[in-house]
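One structure below.
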Amino acid sequence: MDEETAPEPRPAAGSAATDGAPADPAPAAEESPKAESRPFDEERDGPVSEQDALRSLAAGAGPDAAERSEAQRASAIADLIAARLGDDAAGTRIGTLALFNDSVSFGGGFHTGGGRGAGPARGTGAAVVLDAVELAEYTELFVQPEGYDTALDELCEQALLVLTGPPGSGRAATAVNLLSEAMALGGTLGGGCRRLLDPAVLADPSWEPPEKNCGYLAEVDEGPSGAEPFGVRRLTSLAAALRASGCRLVLTAGHDLALAATAEGGTEQYARYPLAPLDPLVVLERRVLGHGPEPEARTRLRALLEACDATRALREQPAARHAVRLASVITADGDLAATVAALRDPSDQVRAWFQQHRAPAPVAFALAVAVLEGSGYLTVAEAAVKLHNALVPPEPVPPDLRFADRLGHEQSWVGVDSTAGGPPRVRFRSPLLGQAVLVHAWNTLDGRRETVLDWLRRLLGHRDLEVRARASVAAGVLSWADHHYAVHRFLTAWAGSTSWPQRQGAATALGVAGSRPESADAVWELLDTWARGGSSAYERRLAGTAANAVGTLLGRGAPDRAVGVLRAALDRGDDWGTLPYVAWGGVHLLHQGQASALLSAHLEWSAPQDHSPMVNKTLSAFVFAVSRPYERPAGGTETVAGVPGVPILLSQFPAHSAELTELWARALARSPVQDAALPALREWIDTFAPLCPGALDHIAELLRGVARRPGKHRERLRWWLEKWAADRDRPSPGSAQLRRRI
């Protein structure tokens with residue numbers, strides 16, 4: 001049965017599947033070898049006993065410390081993504097990308113477009129003359145890149161210059177300026193500059209310049225196929241033909257032409273010029289202010305660019321054509337803010353990139369960055385290789401993929417940050433791009449969707465918890481495109497899986513999915529449905545995932561709905577199987593800063609103070625919550641003030657003293673809950689109080705409040721404090737002090 005389909009009825013005894021849920025595929029080699037923790041028979045259909053559930057909590061098993069750590073990290077990453085998208089005024093509604101608009105092509109050079117006009121068809125070997133208007137646009141306000149003078153000298157000497165650089169580096173503008181100056185220096189100005197309409201004709205050994213004493217510009221198509229005809233031998237022959245005709249030729253392209261044109265030992269008979277991209281702000285300033293501007297004018301321009309976020313836009317898309325576009329708006333006194341917003345909207349950029357790059361290698365790397373953005377280069381590259389290998393037929397020899405060599409050419413929207421120490425980190429230049437890339441690929445790469453989903457699921461089992469968390473967040477982003485499809489295609493299967501990394505992945509993904517107002521109600525309805533499900537093992541796992549999901553940023557935004565899901569998942573009569581999940585969900589909700597909502601719910605659910613299962617379950621979940629020490633999440637993403645290593649509810653005691661006093665009194669007075677509550681109280685006294693200034697005073701206030709209640713509370717506390725204080729093996733000075741104080 002397909003792992004993503006809904007479960008069939010429970011098979012007969014002896015069948016491979018024992019719980020009616022979809023069978024999980026065997027883990028891939030890179031997946032974590034961690035075995036599933038099953039301290040009680042949670043895979044058994046039907047109710048789980050009270051004893052087994054309480055034993056699970058006491059042992060700290062079930063969703064264990066590793067799962068909790070992963071949940072907190074995944075939640076922190078999800079928070080950052082949601083905040084980044086929400087705070088950026090230029091953020092597009094990625095879930096409603098206009099995917100099927102007309103294509104947007106990549107431009108080039110330092111010009112705004114003119115001069116190419118109508119002319120002879122490609123394939124004829126013909127050339128068009130660059131007229132005076134286009135030449136002026138290229139040359140009048142041109143900014144010379146580093147090494148320009150050396151390149152000019154070599155073009156004059158060798159006649160052929162292979163000019164390479166990433167898209168947007170101004171290759172065409174640099175080529176036209178070099179040709180114009182070289183022809184002028186050679187005394188053949190009358191020949192003019194021409195653009196070859198079909199550079200492929202240069203591969204013909206019989207080609208000769210159509211006219212003598214001219215300068216030619218040929219822009220080779222990107223990719224290995226475009227550069228393949230231009231090996232060292234052919235380029236050497238071309239240079240000789242050009243010199244014989246008194247002509248100059250600049251051949252421009254990217255990374256592949258640079259490789260094809262490089263001879264061993266540097267023995268080429270032509271010139272090569274690797275063009276480094278210019279600072280787009282310098283290009284914009286030249287276009288707006290001209291040559292030699294006044295310092296005051298530059299200061300005013302820079303202030304305008306900062307105020308309209310144009311500087312940030314040019315950092316994200318540093319191509320010279322964007323600087324020219326913004327400059328034209330400024331000089332025309334247009335709406336700069338609107339133009340910047342349009343430039344920063346990732347929709348057109350993403351759509352255009354996918355139309356230009358269709359090969360598996362660049363697509364795989366772009367998706368790997370989108371999922372694992374902020375991870376180390378080797379982690380991203382490894383994931384990209386695995387996706388690439390899944391997209392292409394098997395090969396006897398591993399493919400020679402070198403993503404780093406092509407970053408500036410195929411992945412100009414990606415940057416590698418190596419300034420913060422540690423391994424280089426891979427990120428998109430714009431914070432909006434990762435989500436746009438994911439959604440666009442998910443919606444348009446129909447033939448690859450199944451492979452991408454399988455690859456993403458395998459990342460949920462990666463040994464690196466950060467990779468798992470980022471993959472979970474990516475799954476949530478995918479659900480923005482079509483929530484209904486995501487629920488039925490993969491989220492439900494993950495949520496009911498026997499693999500806890502997949503269940504955690506579903507919980508985090510649902511937290512991200514529900515962070516958008518348009519999908520929040522649908523997510524909450526789904527969680528409510530899962531929480532109120534039946535008592536089969538599969539349905540119990542769905543309820544557990546729902547309880548886990550409310551401990552993400554989803555629960556932070558709607559704490560009342562979160563505790564409603566926890567109650568539905570907990571209130572199952574004699575079935576105690578969801579208690580560990582609800583207990584952990586409550587802990588994660590505390591770490592989202594929702595202590596008041598959780599404690600109020602615990603008070604309400606245990607209010608009958610009878611021996612009903614719901615009261616005992618609630619108080620057991622409370623004891624578990626007060627026992628778990630706080631761990632500060634990585635990356636400075638704290639949403640709650642806590643002391644590391646100390647339970648949140650102890651370090652925040654003064655804010656919740658009344659609720660905590662009542663709940664502690666109920667837990668300490670009730671069997672079998674007191675079997676866990678008493679050790680938890682001693683741990684507060686002996687382990688946690690020394691780590692938190694003033695904590696022992698807070699515990700004294702708590703115990704005085706418990707002791708004032710009618711019944712045997714005072715006698716019970718005095719007896720246990722005396723016992724712990726006089727413990728021969730592990731005496732408790734804190735208990736002795738508290739005994740005197742109450």
Side-chain angles (χ1 to χ4, degrees), residues 3-6 22 71 74-75 77-86 91-97 99 346-347 350 367 370-373 432-446 448-460 468-497 501-531 542 545-546 548-558 561-562 565:
E3 60 148 324
E4 308 293 359
T5 58
S75 179
I77 295 172
D79 291 350
L80 290 176
I81 290 176
R84 183 170 62 190
L85 293 177
T92 183
R93 304 305 291 174
I94 295 172
T96 55
L97 279 172
L99 297 171
S347 303
V350 170
L367 287 174
V371 172
L372 302 176
E373 185 173 6
L432 302 173
L433 277 170
Q435 291 73 44
V437 167
L438 280 172
V439 174
H440 184 94
W442 185 246
N443 280 335
T444 59
L445 302 182
D446 298 321
R448 295 172 174 175
R449 190 176 296 115
E450 182 77 18
T451 302
V452 170
L453 182 58
D454 183 67
W455 168 75
L456 191 62
R457 180 189 59 77
R458 288 180 177 274
L459 288 179
L460 295 178
R468 296 189 205 172
R470 294 184 186 278
S472 303
V473 172
V477 172
L478 293 182
S479 70
W480 292 344
D482 188 332
H483 174 72
H484 180 81
Y485 178 86
V487 167
H488 293 282
R489 183 63 190 86
F490 62 91
L491 287 178
T492 301
W494 293 359
S497 171
Q502 287 191 33
R503 296 200 299 272
Q504 175 57 47
T508 302
L510 287 165
V512 176
S515 67
R516 291 209 155 187
E518 58 267 31
S519 58
D521 285 342
V523 170
W524 282 114
E525 289 174 6
L526 178 68
L527 297 180
D528 284 332
T529 300
W530 287 353
L542 290 179
T545 300
N548 200 4
V550 303
T552 66
L553 78 169
L554 184 67
R556 184 198 311 170
R561 301 187 78 165
V565 170

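Looking at every heavy atom in both residues, S515 comes nearest to L553 through CB-CD1, 4.2 Å. Listed here is the closest heavy atom pair of S497 and R503: O-NH1, 2.8 Å. Across all non-hydrogen atoms, the minimal contact from A509 to L491 is CB-CD2, 3.7 Å. Across all non-hydrogen atoms, the minimal contact from A531 to V565 is CB-O, 3.6 Å. Across W530 and A546, no two heavy atoms sit closer than the pair CB-CB, 4.1 Å. In terms of heavy atoms, R449 sits closest to N443 at NH2-O, 3.6 Å.
In this structure, T545 OG1 and L510 CG are separated by 8.5 Å, a value rounded to the nearest 0.5 Å. Note that the CD atom of E450 and the CZ atom of R489 stand 4.5 Å from one another [nearest 0.5 Å]. Remark: T508 OG1 to L554 CG distance equals 11.0 Å, nearest 0.5 Å. With values rounded to the nearest 0.5 angstrom, H440 atom NE2 is found 7.0 Å from L445 atom CG. Rounded to the nearest 0.5 angstrom, L460 CG and W455 CH2 are separated by 11.0 Å. Remark: T552 OG1 to Q504 CD distance equals 9.0 Å, nearest 0.5 Å.
The only option from V477, L456, L478 that meets the side chain to side chain contact (heavy atoms under 4.5 Å, CB included) definition with W442 turns out to be L478.
Using a 4.5 Å heavy-atom threshold, the side chains of Q435 and L438 count as separate. In this structure, the side chains of W524 and V550 come closer than 4.5 Å at one or more pairs of heavy atoms. Side-chain atoms of R516 and W480, non-hydrogen and from C-beta on, do get closer than 4.5 Å to each other. Contact of the S479 side chain with the V487 side chain is not registered, since no non-hydrogen atoms from C-beta on lie closer than 4.5 Å.
T529 and E525 form no side-chain donor-acceptor contact under 3.5 Å, judged by distance and modelled atom types alone.
Remark: side-chain polar atoms of R468 are not paired, donor with acceptor, to backbone N or O of G505 under 3.5 angstrom.
Residues satisfying the salt bridge (charged side-chain N to carboxylate O under 4.0 Å, His left out) test with R561, not counting sequence neighbours, are D521.
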